[in-house]
Amino acid sequence: MRLQRPVLFATATATAAATLLATPNGAAADPAPRPPTREAADRTPSDRAARTAESTTDRALASPVTELTGGTRGYPREQVLAPDPENPADKSLKLGLTPYHAIAPKLNALQRLGDRVSVEIAGRSAGGHRLYLVTVTAPESVRQARAQERMRDLIENAPREAAKDPAIKAAYKTPVFFNNNIHGNEWEGTDAALKLIERLAKAKDKATTGLLARHRVYFNVTANPDGRIAGTRANAGGFDLNRDFVTASQPEVRAMRQIAIDKQPAVMVDLHGYVNGTLIEPTTPPHGENYEYDLFLKNTYANALGMESAVNGLGYTPEKDGVEPAQIPFRDQEEGWDDWPPIFTPQYMPFHGTIAAHTVEFPMAVNNDEYDELPVAELRRRSAINVDIAGAAMTATLDYARTHRTSLIADQIEVFRRGATGAAQVPVSPSTVPGVPGIGPEDVYTADFPRAYVIPSGRGQRSAPAAGRLVDHLLANDVQVRRAAKDFGLGGKVYPKGSYVIDMHQPKRGMANVMLADGRDISDKVSVMYDISGWSLGRLWGATVEPVRTTRLSVPSHAVHEAARVGHVAPGGNLRLRLDDAREIAALNSLLADGVAVRRAADGSAIVPASARAKATALAKKYDVAFDATRATGTAPLHRVRVAAAVTPGELFALREMNFDVTAVSTATLNAGFDWSKADVLFASAGLDHQGLNATARAALDGFLARKGLVGRGATGAALNAAADLLAVKPVEGNGDANGVVRVVNSAGGVTAGAPDHSFVYAPMWFTNLGSSVRVEQSYASGNPLVSGHWRALEDGTGGPAQAAGRASVVSGPRVVLFGTEPLFRDHPKGEFPQLARALLTVS
């Protein structure tokens with residue numbers, strides 16, 4: 001979380017501007033130059049790109065958020081980077097590109113070229129590799145760097161004053177950000193960035209010196225070093241980092257989030273591959289409704305034209321090189337490449353003030369089958385073209401930033417002004433965004449912002465741990481949160497002291513709303529979506545979140561920088577631990593791992609004996625959960641559950657967040673021989689095909705399922721249940737492209753006791769023809785269960801939300817629980833996690 005920055009008034013920055021403009025390069029030297037910092041020797045070998053999922057989860061959960069505040073040190077910020085061991089297995093080498101182990105020496109050499117290049121460590125990847133943030137700018141003294149920080153702060157937190165401040169107009173160094181290699185096997189952005197850094201470090205022409213005097217240019221050299229080394233799209237934890245921004249489960253994404261907050265780029269480009277011809281955003285509808293889309297489209301389209309011209313101007317042709325002309329989806333396509341969800345880097349950055357954000361997909365495929373099948377010479381020819389095209393796109397972006405610097409600053413200020421004052425969004429139209437062709441009603445998306453959100457909280461509140469987690473997540477995303485000093489009334493309802501209030505008159509209202517709002521059902525807007533269409537933290541993270549629509553907001557409150565702790569332990573007697581939150585599940589599993597005799601209560605909670613009070617005290621502090629006093633002794637004992645998991649990386653990560661003892665399995669691992677005596681339950685959702693097992697593996701699995709338990713999710717889980725003839729149900733698959741937030745009805749007790757009344761679906765499923773021993777744990781709500789997302793019926797009228805309405809979404813029976821929902825999807829729907837945990841505890 002970033003510390004609250006003080007708001008500075010216009011007169012202070014005027015002095016700073018005079019200082020910045022006093023020298024030819026826009027900066028004065030420090031009284032005494034500082035020698036480069038020598039980094040401590042790196043103990044993490046670069047050839048460990050893909051470690052076990054367990055270790056990557058541990059590191060990701062423990063990884064601190066790196067502060068990249070710019071106000072305490074001047075530029076350059078040079079350091080000597082310790083080298084990584086040479087790794088001949090690095091997948092970049094075959095393409096003639098820069099292997100990860102060569103990046104640190106290259107950055108050391110670039111810093112020695114002069115006084116423009118600085119290198120900082122923004123964090124570490126899930127696999128332990130350094131994340132390099134390079135800044136290229138004209139030198140700044142400490143005083144000048146602090147002045148830049150004050151101006152940046154003024155732009156965000158006092159935008160009306162910033163708009164009138166001549167110092168900002170004259171001297172603010174407008175930030176530009178290039179994000180490279182977020183998909184590990186889309187390599188070339190890194191190499192293009194290193195070439196551009198070198199050119200900017202050496203160039204003496206007027207355009208370059210002017211650019212660096214009035215801009216800071218930031219490069220995330222490789223956002224995914226694990227994948228770069230291993231030749232995988234995902235990081236060492238198995239996550240697609242360009243789907244993680246709303247959740248930020250991975251350390252690489254948290255590092256990029258902090259760059260966005262601390263550097264506040266006005267322009268950014270995220271470099272990818274491979275689409276031929278080169279694809280350059282802006283996108284097709286639907287457009288994120290929480291953006292100030294008129295300002296965003298104006299700048300993003302104009303910069304896209306410049307990039308298109310630069311890419312096509314390189315002279316590559318389909319006939320000679322196999323390179324098609326560049327394309328801009330907003331102009332050239334009708335749908336299918338949208339900017340709706342904030343899970344992608346360019347769709348997340350606008351909420352921190354970026355007003356021109358692009359995915360650029362260079363054209364020549366060199367990964368996957370091409371990597372394995374094409375001759376090395378052809379791969380290197382293609383990679384060289386991609387590096388050239390990536391460099392052209394970055395250079396054109398710098399040209400746009402240089403020539404539009406004044407309007408970029410003004411538009412970024414306007415984004416924050418609208419948020420802070422509660423001003424209405426401006427719908428896009430040919431009159432509001434002149435010069436952008438093809439704007440029509442299909443491009444108009446605006447949000448209905450409430451006046452505030454309230455998150456009720458306090459000791460005794462059922463969702464207190466979830467409320468704290470959600471508040472900390474909002475704060476980590478730079479959303480301003482206040483806490484009520486006493487009971488208060490708002491919107492006709494009374495809330496208790498300690499509740500959290502998110503005033504929507506704040507600079508980053510878009511960020512607050514995109515996370516907390518329900519979202520929208522866009523099923524009738526477009527026929528297909530690129531990725532997920534619903535994600536509401538207000539509905540899926542377990543906390544109670546209530547929008548308030550009132551004209552006046554007057555709540556005695558104070559700003560908070562972290563959620564209040566709610567963990568406590570009752571002073572005497574047995575203890576009761578709710579199991580309604582993932583943190584409570586984690587605490588339970590820790591107790592069971594330590595051999596504590598925990599018993600299940602009739603209401604599904606856990607009864608902890610008084611003798612374990614010391615352990616409970618430590619866990620209450622660690623997980624911020626409450627152990628309440630109880631006279632109950634519990635019924636059945638609970639035991640440590642050993643889970644064999646054929647699941648997605650996100651599910652595996654979530655299971656380990658909850659401290660389950662998990663062993664990953666698959667068709668291949670079972671065929672190789674698996675000791676089922678080391679497992680108590682199988683959780684199957686992906687990567688396990690009963691028909692693909694050899695006779696020995698199939699017999700061993702069937703024997704295990706006859707004795708133990710199965711938790712299944714989706715088509716894989718349902719197929720395994722049918723193959724083993726366990727639970728008498730008929731699974732019905734909905735539209736495979738459907739996803740979003742749905743309303744559900746939970747049964748009392750059992751797996752879904754205390755669960756939220758919303759869930760998440762992706763390729764939803766429901767169950768019919770239920771046998772006599774089948775219990776319905778949860779059903780889709782009647783009517784249209786979809787709250788937000790995209791879920792259409794198939795062409796034959798089946799598979800839609802109307803067919804799912806009222807049907808069972810989670811069912812159970814002896815030793816089996818089947819889910820038609822996605823309770824652990826990409827580690828995101830935190831409030832749904834306990835359903836899966838209870839299922840594992842029940843069937844085992």
Side-chain angles (χ1 to χ4, degrees), residues 579 585 588-589 592 598-602 604 606 634-647 651 655 658 660-665 670 674-690 693 697-731 746-753 755 765-778 808-821 823-824 833-844:
L579 300 180
I585 300 295
L588 168 67
N589 280 328
L592 295 174
V598 182
R599 302 181 72 84
R600 186 192 302 273
T635 54
L638 291 167
H639 300 286
R640 178 72 163 161
V641 179
R642 300 169 301 170
V643 183
V647 295
E651 290 171 323
L655 290 172
M658 292 186 285
F660 279 104
D661 181 356
V662 186
T663 301
V665 298
L670 298 190
F674 181 72
D675 183 359
W676 283 106
S677 68
K678 296 180 180 179
D680 302 305
V681 61
L682 170 65
F683 174 27
S685 69
L688 180 52
D689 177 11
H690 193 268
L693 296 174
R698 189 180 304 122
L701 172 59
D702 290 346
F704 173 83
L705 293 177
R707 302 186 312 273
K708 297 288 187 177
L710 168 69
V711 174
R713 197 263 307 157
T716 295
L720 190 57
N721 170 74
D725 195 22
L726 298 175
L727 196 61
V729 298
K730 178 183 177 182
N746 297 307
S747 302
V751 170
T752 59
M765 174 177 283
W766 53 94
F767 303 95
T768 63
N769 297 7
L770 308 181
S772 59
S773 64
V774 177
R775 170 185 169 86
V776 177
E777 298 285 352
Q778 182 189 85
S809 56
V810 182
V811 294
S812 67
R815 301 190 307 280
V816 183
V817 178
L818 298 178
F819 287 84
T821 60
L824 304 184
F833 288 12
Q835 295 178 42
L836 201 291
R838 285 170 177 261
L840 294 171
L841 292 167
T842 298
V843 302
S844 66

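Every heavy atom of this structure was used, including side-chain atoms; hydrogens, water molecules and symmetry mates were not. The structure displayed is predicted, hence computed values, not measured ones.
Residues satisfying the side chain to side chain donor-acceptor pair (under 3.5 Å) criterion with Asp702, sequence neighbours excluded, are His690. For Ala839, the side chain to side chain contact (heavy atoms under 4.5 Å, CB included) criterion is met by Val711, Val751, Val817, Phe819, not counting sequence neighbours. When the side chain to side chain contact (heavy atoms under 4.5 Å, CB included) test is applied to Ala699, no partner is found at least two apart in sequence or on another chain. Residues forming a side chain to side chain contact (heavy atoms under 4.5 Å, CB included) with Thr768 (at least two apart in sequence, or on another chain): Lys730, Val732, Trp766, Arg807. Every residue two or more places apart in sequence or in another chain that forms a side chain to side chain contact (heavy atoms under 4.5 Å, CB included) with Asp675 is listed here: Ser677, Lys678. Under the rule for a side chain to side chain donor-acceptor pair (under 3.5 Å), the partners of Arg775 that lie at least two apart in sequence or sit in another chain are Glu777. Residues meeting the salt bridge (Lys or Arg N to Asp or Glu O under 4.0 Å) test with Arg600, sequence neighbours left out: none. Every side chain to side chain donor-acceptor pair (under 3.5 Å) that Ser809 has, sequence neighbours left out, goes to Gln778. Residues meeting the salt bridge (Lys or Arg N to Asp or Glu O under 4.0 Å) test with Asp680, sequence neighbours left out: Arg642.
The ring pair (Phe, Tyr, Trp, His ring centres under 6.0 Å) pairs that include a residue from residues 707-730 number zero, where partners must be two or more places apart or lie in different chains. Counting only residues at least two apart or on different chains, the ring pair (Phe, Tyr, Trp, His ring centres under 6.0 Å) pairs with a member in residues 697-718 are Trp676-Phe704.
Residues Leu836 and Pro823 share a closest heavy-atom pair of CD2-CG, 4.2 Å. Listed here is the closest heavy atom pair of Met658 and Ala837: SD-CB, 4.1 Å. For Leu579 against Gly604, the heavy-atom pair with the smallest separation is CD1-O, 3.5 Å. In plain terms, the two heavy atoms of Val598 and Ala606 that are nearest each other are CG1-CB, 3.7 Å. Closest non-hydrogen pair, Ala645 versus Leu655, comes out as CB-CD1, 4.1 Å. Summarising the geometry of Ala755 relative to Asn746, their closest heavy-atom pair is O-ND2, 3.1 Å, with the distance given to 0.1 Å.
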With side-chain contact (heavy atoms from CB on, under 4.5 Å) as the criterion, how do Asp661 and Asn589 come out once you've worked through the C-alpha distance, each side chain's angles and the decisive distance to 0.1 Å? CA-CA 9 Å; Asp661 181 356; Asn589 280 328; over 6 Å; no
Checking Val810 against Thr821 for the side-chain contact (heavy atoms from CB on, under 4.5 Å) test, could you report, in this order, the C-alpha distance in whole Å, the side-chain angles of both residues, the deciding distance, and whether it holds? CA-CA 7 Å; Val810 182; Thr821 60; 4.2 Å; yes
side-chain contact (heavy atoms from CB on, under 4.5 Å) between Phe683 and Leu840, worked out: CA-CA 8 Å; Phe683 174 27; Leu840 294 171; 4.2 Å; yes
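A heavy-atom distance below 4.5 Å is not found between the side chains of Val729 and Asn769. Side-chain atoms of Leu701 and Phe674, non-hydrogen and from C-beta on, never get closer than 4.5 Å to each other. Between Leu588 and Leu638, some side-chain heavy-atom pair lies under the 4.5 Å cut-off.
With rounding to the nearest 0.5 Å, the separation of CG in Leu726 from OG in Ser773 is 10.5 Å. Distance CZ/Phe833 to CG/Leu824: 5.5 Å, rounded to 0.5 Å.
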Residues 716-725, side-chain donor-acceptor partners within the protein, below 3.5 Å, at least two apart:
{"residue": "Thr716", "atom": "OG1", "partner": "Ser685", "partner atom": "O", "Å": "3.3"}
{"residue": "Asn721", "atom": "OD1", "partner": "Leu727", "partner atom": "N", "Å": "2.9"}
{"residue": "Asn721", "atom": "ND2", "partner": "Leu727", "partner atom": "O", "Å": "3.1"}

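Under the 3.5 Å distance criterion, the side-chain polar atoms of Arg713 are left unmatched by any main-chain donor or acceptor of Leu818.
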